[in-house]
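Below is one structure, written out as structure tokens; the observations come after it.
Every heavy atom of this structure was used, including side-chain atoms; hydrogens, water molecules and symmetry mates were not.
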Number of protein chains: 2
Amino acid sequence: MKDYINLLKKHNLKITPQRLAILKYLDTHYTHPTVDEIYNTLKKTNPSLSKTTVYNSLEILNTHHIIQPLHITGHERRYDLRKDIHHHFLCRSCGNIQDLDINCPNIKKIQEQGYNIEEVHGYFKGICLDCQKREETHK
Amino acid sequence: MKDYINLLKKHNLKITPQRLAILKYLDTHYTHPTVDEIYNTLKKTNPSLSKTTVYNSLEILNTHHIIQPLHITGHERRYDLRKDIHHHFLCRSCGNIQDLDINCPNIKKIQEQGYNIEEVHGYFKGICLDCQKREETHK
DNA sequence: ATTCAATATTGTAATCATTACATTTTATCA
DNA sequence: TGATAAAATGTAATGATTACAATATTGAAT
Ligand SMILES: [Mn+2]
Ligand SMILES: [Mn+2]
Ligand SMILES: [Zn+2]
Ligand SMILES: [Zn+2]
């Protein structure tokens with residue numbers, strides 16, 4: 001990525017240090033962070049940052065389809081700079097959310113049934129590979 | 001369904017009118033209702049019902065895998081008496097949530113990669129068939 | 001470079017869903 | 001029919017998100 005300024009310009013969004021910082025954060029942390037994670041980290045180098053601005057910025061980036069929200073945990077929103085359709089795995093043990101790069105043949109099928117699909121969310125939950133190994137060695 | 005009493009017995013859960021009413025509601029309304037929808041409806045015939053009881057009952061039914069929660073809208077929990085894996089379509093226009101009876105070949109693939117999968121959520125959002133027709137006729 | 005209007009940021013208060021908790025009631029079983 | 005553990009109830013607390021009013025900044029026109 002890198003050229004966040006032109007990305008915002010392309011969408012006729014005003015270029016502000018807050019938006020640039022949020023875009024950069026998402027671009028360098030593909031961990032599907034929460035609003036609080038983004039806010040608390042950026043607050044360190046930008047002490048005047050308001051949490052409302054983080055919410056507002058994420059909202060407008062979402063409406064312009066630059067980022068997408070995930071509802072995988074069920075109690076907090078998370079954000080993803082990747083805008084292509086991909087699925088996610090949430091580990092019950094470590095809490096990490098991993099990308100699953102598998103293509104979903106069902107999307108096409110459902111569209112063929114006549115549905116107009118605008119969003120796809122594929123969430124899998126369980127124990128990730130790392131945590132399984134860790135449990136093994138602890139026996 | 002029908003035999004909610006034995007269902008609760010099988011899971012060593014106490015048989016209470018509240019739990020029976022909630023089970024019956026979910027069994028006769030496969031609309032993936034919210035807690036408030038369940039509460040407000042049952043409140044009419046059971047005025048002493050507490051919303052906390054609805055939350056508690058749904059929680060214990062969930063831990064016993066009798067029902068499953070959906071996080072499809074992103075801002076409220078919904079419940080489904082169907083416990084088999086199936087996917088859902090949320091219509092942006094009418095708000096209805098429909099079951100999609102498609103099998104997901106990715107589950108097997110991800111398991112083959114070593115993941116231990118405990119939950120699967122497939123959410124699709126867009127405009128449902130009925131709403132598309134309605135829009136057509138309104139032109 | 002300066003000015004200005006539109007837009008963004010900020011801080012605080014409000015809202016909404018959910019959870020915690022103390023009290024009262026009920027289900028189950030001896 | 002009690003006794004006891006579990007459940008139901010009502011209220012208060014929490015946590016994430018949104019609303020809103022005041023201030024500051026951006027970007028374009030001068
Ligand atoms: Mn992702
Ligand atoms: Mn369903
Ligand atoms: Zn893990
Ligand atoms: Zn519809």
Side-chain angles (χ1 to χ4, degrees), chain A residues 4-23 25 32-64 66-79 95, chain B residues 4-25 32-64 66-79 95 97:
Chain A
Y4 313 118
I5 290 178
N6 268 317
L7 178 62
L8 293 174
K9 270 188 187 162
K10 217 187 322 180
H11 288 268
N12 288 310
L13 295 171
K14 285 197 176 171
I15 290 123
T16 69
Q18 293 86 346
R19 289 175 179 175
L20 292 174
I22 290 167
L23 276 175
Y25 184 85
H32 314 93
T34 63
V35 172
D36 269 30
E37 281 164 28
I38 298 168
Y39 170 69
N40 288 320
T41 306
L42 297 182
K43 185 95 180 156
K44 290 173 192 162
T45 51
N46 185 354
S48 74
L49 182 66
S50 164
K51 198 183 279 186
T52 302
T53 298
V54 180
Y55 274 104
N56 289 342
S57 301
L58 292 169
E59 173 59 23
I60 203 163
L61 292 173
N62 177 27
T63 61
H64 284 262
I66 296 168
I67 62 175
Q68 60 173 313
L70 308 183
H71 319 296
I72 191 167
T73 67
H75 64 274
E76 66 195 345
R77 218 174 285 157
R78 287 163 175 275
Y79 284 95
Chain B
Y4 313 118
I5 290 178
N6 267 317
L7 178 62
L8 292 174
K9 270 186 186 162
K10 217 188 319 180
H11 288 269
N12 288 311
L13 295 172
K14 285 197 178 173
I15 289 124
T16 70
Q18 292 86 348
R19 287 174 181 178
L20 292 174
I22 291 166
L23 276 176
K24 185 179 177 183
Y25 185 86
H32 314 93
T34 62
V35 173
D36 269 29
E37 281 164 27
I38 299 168
Y39 171 70
N40 288 320
T41 306
L42 298 183
K43 183 95 180 158
K44 290 172 192 164
T45 51
N46 185 354
S48 74
L49 182 66
S50 165
K51 198 183 278 186
T52 302
T53 298
V54 180
Y55 273 104
N56 288 342
S57 301
L58 292 169
E59 172 59 24
I60 202 163
L61 292 172
N62 177 28
T63 60
H64 284 262
I66 296 168
I67 61 175
Q68 60 172 314
L70 308 183
H71 318 297
I72 191 167
T73 67
H75 64 275
E76 65 195 345
R77 219 174 284 159
R78 287 165 175 273
Y79 283 96
I97 296 172

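At distances below 3.5 Å, at least one donor-acceptor pair connects side-chain atoms of B:K43 with backbone N or O atoms of B:L49.
Here the CD1 atom belonging to A:I22 is positioned 11.0 Å from the CD1 atom belonging to A:I60, to the nearest 0.5 angstrom. Note that the OG1 atom of A:T73 and the CZ atom of A:R78 stand 5.5 Å from one another [nearest 0.5 Å]. Note that the CZ atom of A:R77 and the CD atom of A:Q68 stand 13.5 Å from one another [nearest 0.5 Å]. Remark: B:L23 CG to B:Q18 CD distance equals 12.0 Å, nearest 0.5 Å. Summarising the geometry, atom CD1 belonging to B:I66 is positioned 12.5 Å from atom OH belonging to B:Y4; distances are rounded to the nearest 0.5 Å.
Between A:L42 atom CG and C:dT10 atom C1' there is a gap of 16 Å when expressed in whole angstrom units. When the C1' atom of C:dT24 is taken as reference, atom CG of B:L49 falls 16 Å away, rounded to whole Å. In this structure, the CD1 atom of B:I15 is 15 Å from the P atom of D:dA6, given to the nearest Å. Atom P of nucleotide C:dT25 and atom CG of B:N46 are separated by 16 Å, given to the nearest angstrom. Distance, A:Y39 OH to C:dT9 P: 14 Å, rounded to whole Å. When rounded to the nearest whole Å, the span between NE2 of B:H11 and P of D:dA6 equals 18 Å.
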(request) Scan nucleotides 1-8 of chain C nucleotide by nucleotide, 5' to 3', and note B when protein non-hydrogen atoms come under 4.0 Å of the base, S if they reach only the sugar-phosphate, - if neither. (result) -----BSS
(request) Give the B/S/- string for nucleotides 15-21 of chain D, one per nucleotide from 5' to 3', where a protein heavy atom under 4.0 Å of the base yields B, of only the sugar-phosphate yields S, and otherwise -. (result) -SBBBB-
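Within the 4.5 Å cutoff, the side chain of B:T16 has no heavy atoms near those of the B:T53 side chain. At a threshold of 4.5 Å between non-hydrogen side-chain atoms, the residues B:Y55 and B:K51 count as touching.
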(message) Using the rule given for side-chain contact (heavy atoms from CB on, under 4.5 Å), can you reason through B:E76 versus B:V35, listing the C-alpha separation, both sets of side-chain angles and the distance that settles it, and then say yes or no?
(response) CA-CA 8 Å; B:E76 65 195 345; B:V35 173; over 6 Å; no
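Between B:E37 and B:T41, the closest heavy-atom pair is O-OG1, 2.8 Å. Taking both residues in full, the closest heavy atoms of B:S57 and B:R19 are given as OG-CG, 3.9 Å, listed atom of the first, atom of the second, then distance.
Heavy atoms of B:P47 sit nowhere under 4.0 angstrom from any nucleic acid atom. In this structure, B:P69 reaches neither bases nor backbone, as no heavy-atom distance under 4.0 Å exists between it and the strands shown. In this structure, A:S48 reaches the sugar-phosphate backbone alone: every heavy-atom distance under 4.0 Å involves primed, P, OP1 or OP2 atoms, never a base.
Over its full length, the helix from C:dA1-D:dT30 to C:dA30-D:dT1 turns its helical axis through 30°, comparing axes from the five pairs at each end and rounding to 10°.
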